[in-house]
Amino acid sequence: MSSFGDGRIEQVVLSYGDSLLRSSDVTLLDAPHWLNDNIIGFTFEFLALSLAPSRAERVAFLSPEVSQFIKCCGNEAKEFLQPLELPNKDLVLLPVNDNAGSAAGGTHWSLLAYLRRFSGFLHFDSAPGTNAPHANRMAKNLGMLLGGNPHCQEEKAPVQHNSYDCGMYVVCVAEALCEQYFLGDNNLNFQNITPQYVTQKRKEWKEIIRGLSSDSKASSDF
């Protein structure tokens, strides 16, 4: 349970799958805030549950917590990850954080993707090069678990033009990558993910949360 400094209990605005969002989480969708683990975890879960069943069984959207565990724990994560059946997935998407520890935190987000069609990992960083060491470590650890190629290739990604939109670029690229992967196009194209597009997506995600909230009073407060 979360509370404000004056002792008031912070309001839960949405419980969705494994995600629990409070008012302070949803506020982060307003610029100039950067997204936290809770918001990115929710967006990934929403995207996963929005897939058609035939596609959903082929894709894994991993939460920030699971992704960080893979990065920090390596082979120790194998038993923990077994229920996710990752070796059977065609596409695995992981948010990468520059936090060196196992707890939540850090200052920059990027996206790591395992594509079975390419037999390797692609890293998309809206601040090119910033998260490369963390993505490489995550790819090495997950590659051992998948039994595939741990090589991580830096891909050209849409570039952020401020200091706070990295998390939104992760969400936007993950959504676009999933759509394009199933179209069978090997030439990934993210030209539509502009700063204006990302700003609009902040508003759209906030509206999605508002629409999912079953408590009209709670949803009216954000």
### Query
Do any N or O atoms from the side chain of Trp34 and from the backbone of Trp109 form a donor-acceptor pair under 3.5 angstrom?
no
#### Entry: Test item: Ser110 and Val96 side chains (from C-beta on) under 4.5 Å apart, heavy atoms
yes
### Task
May I have the step-by-step check of side chain to side chain contact (heavy atoms under 4.5 Å, CB included) for His108 and Ser126, ending in yes or no?
CA-CA 9 Å; His108 183 62; Ser126 58; 4.0 Å; yes
### Task
Assess whether side chain to side chain contact (heavy atoms under 4.5 Å, CB included) is satisfied between Glu154 and Leu122, documenting all intermediate values.
CA-CA 6 Å; Glu154 291 292 320; Leu122 304 180; over 6 Å; no
#### Entry: CD/Gln191: more than 12 non-hydrogen atoms of other groups inside 6.0 Å
no
### Task
Please say whether more than 12 non-hydrogen atoms of neighbouring residues, nucleotides or ligands are located less than 6.0 Å from CG in Asn192.
yes
### Path from Val198 to Val159 over hydrophobic side-chain contacts below 4.5 Å
no
### Query
Considering only heavy atoms from C-beta outward, does the side chain of Asp165 approach that of Pro195 to under 4.5 Å?
no
### Task
Spell out, yes or no, whether Tyr164 and Ile193 are grouped together once hydrophobic residues are joined by side-chain heavy atoms under 4.5 Å, including indirect joins.
no
### Message
Do Asp30 and Lys206 have side chains that approach each other closer than 4.5 Å (heavy atoms only, starting at C-beta)?
### Response
yes
### Query
Got a second to check how far Tyr114's OH is from Cys152's SG, nearest 0.5 Å?
13.0 Å
#### Entry: Any side-chain heavy-atom pair of Asn97 and Pro64 under 4.5 Å
no
### Task
Quick one: pull up NZ in Lys71 and NZ in Lys140 and give me the separation to the nearest 0.5 Å.
14.5 Å
#### Entry: Distance-only polar pair, side chains of Glu45 and Ser19, donor-acceptor under 3.5 Å
yes
### Spacing of CZ belonging to Arg202 relative to CG belonging to Leu28, to within rounding of 0.5 Å
8.5 Å
### Query
So, Arg116 side chain and Leu91 main chain: donor-acceptor pair closer than 3.5 Å or not?
no
## Note on the structure
For Ala100 and Cys72, the nearest pair of non-hydrogen atoms, with its separation, is O-SG, 4.1 Å
### Query
Which heavy atom in Leu93 sits nearest to a heavy atom in Ala113, and how many Å separate them?
CD2-CB, 3.7 Å
### Query
Which class fits the ring pair Phe42 and Tyr16: parallel under 30°, tilted 30 to 60°, perpendicular over 60°?
perpendicular
### Task
Would you confirm whether Gln68, through its side chain, and Asn99, through its main-chain N or O, come within 3.5 Å as a donor-acceptor pair?
yes
### Message
With heavy-atom distances below 4.5 Å as the criterion, would you say the side chains of Phe118 and Gln153 are in contact?
### Response
no
### Message
Check this for me, if you would: do Glu175 and Lys201 make a salt bridge, where the nitrogen-to-carboxylate-oxygen distance has to be below 4.0 angstrom?
### Response
yes
#### Entry: Minimum heavy-atom distance between Ala139 and Pro150, given as atom pair plus value
CB-O, 3.6 Å
### Query
Do we see a donor-acceptor contact under 3.5 Å between the side chains of Asp125 and Asn131?
no
### Query
Does a side chain donor of either Glu10 or Ser24 reach within less than 3.5 Å of an acceptor in the other side chain?
yes
### Query
So, does Ser213 use its side chain to make a donor-acceptor pair with the main chain of Leu14 at under 3.5 Å?
no
### Query
How about Phe61 and Leu94: do any of their side-chain heavy atoms sit closer than 4.5 Å?
no
### Gln200 atom CD: more than 12 heavy-atom contacts under 6.0 Å
yes
### Separation between NE2 of His161 and CD of Gln196, rounded to the nearest 0.5 Å
8.5 Å
### Message
So Tyr181 and Arg117, do their side chains get closer than 4.5 Å, heavy atoms only?
### Response
yes
### Message
I'd like to know whether the aromatic ring centres of Trp205 and Phe46 sit less than 6.0 Å apart in this structure.
### Response
yes
#### Entry: Asn36 side chain to Ile39 backbone, donor-acceptor under 3.5 Å
yes
### Task
Applying side chain to side chain contact (heavy atoms under 4.5 Å, CB included), run through Gln180 and Asn187 and close with a yes or a no.
CA-CA 9 Å; Gln180 293 181 38; Asn187 298 314; over 6 Å; no
#### Entry: Atom of Ile40, atom of Gly167 and distance for their closest heavy-atom approach
CD1-CA, 4.1 Å
### Query
When rounded to the nearest 0.5 angstrom, what distance separates CD in Glu79 from CG in Leu145?
12.0 Å
### Query
Is there side-chain contact between Lys89 and Val59, with at least one heavy-atom pair below 4.5 Å?
no
#### Entry: Under 3.5 Å: donor-acceptor pair, side chain of Asn136, backbone of Ala132
yes
### Task
Could you check Phe124 against Tyr169 for ring-ring contact (aromatic ring centres under 6.0 Å, His included), going step by step and ending with a plain yes or no?
CA-CA 9 Å; Phe124 303 89; Tyr169 276 90; over 10 Å; no
### Query
For residues His33 and Thr27, is any side-chain donor paired with an opposing acceptor at under 3.5 Å?
no
### Query
Between Leu35 and Asp25, does a side chain to side chain contact (heavy atoms under 4.5 Å, CB included) hold up when you go through it step by step?
CA-CA 8 Å; Leu35 306 189; Asp25 297 318; over 6 Å; no
### Query
Is there a donor-acceptor pair closer than 3.5 Å between any side-chain N or O of Gln11 and the backbone N or O of Val13?
no
### Message
Looking at Thr107, is its backbone amide N or carbonyl O close enough to the side chain of Asp98 to form a donor-acceptor pair, meaning the two atoms are under 3.5 Å apart?
### Response
yes
#### Entry: Closest non-hydrogen atom pair between Ala135 and Leu112, with its separation
O-CD2, 3.9 Å
### Summary
Taken to the nearest 0.5 Å, the spacing of Arg137 CZ from Ile70 CD1 works out to 12.0 Å
### Query
Would a distance-only check, ignoring hydrogens and angles, find a side-chain to backbone donor-acceptor pair under 3.5 Å from Asn141 to Met138?
no
### Query
Has the side chain of Arg58 got a donor or acceptor atom that lies under 3.5 Å from a matching backbone atom of Asp90?
no
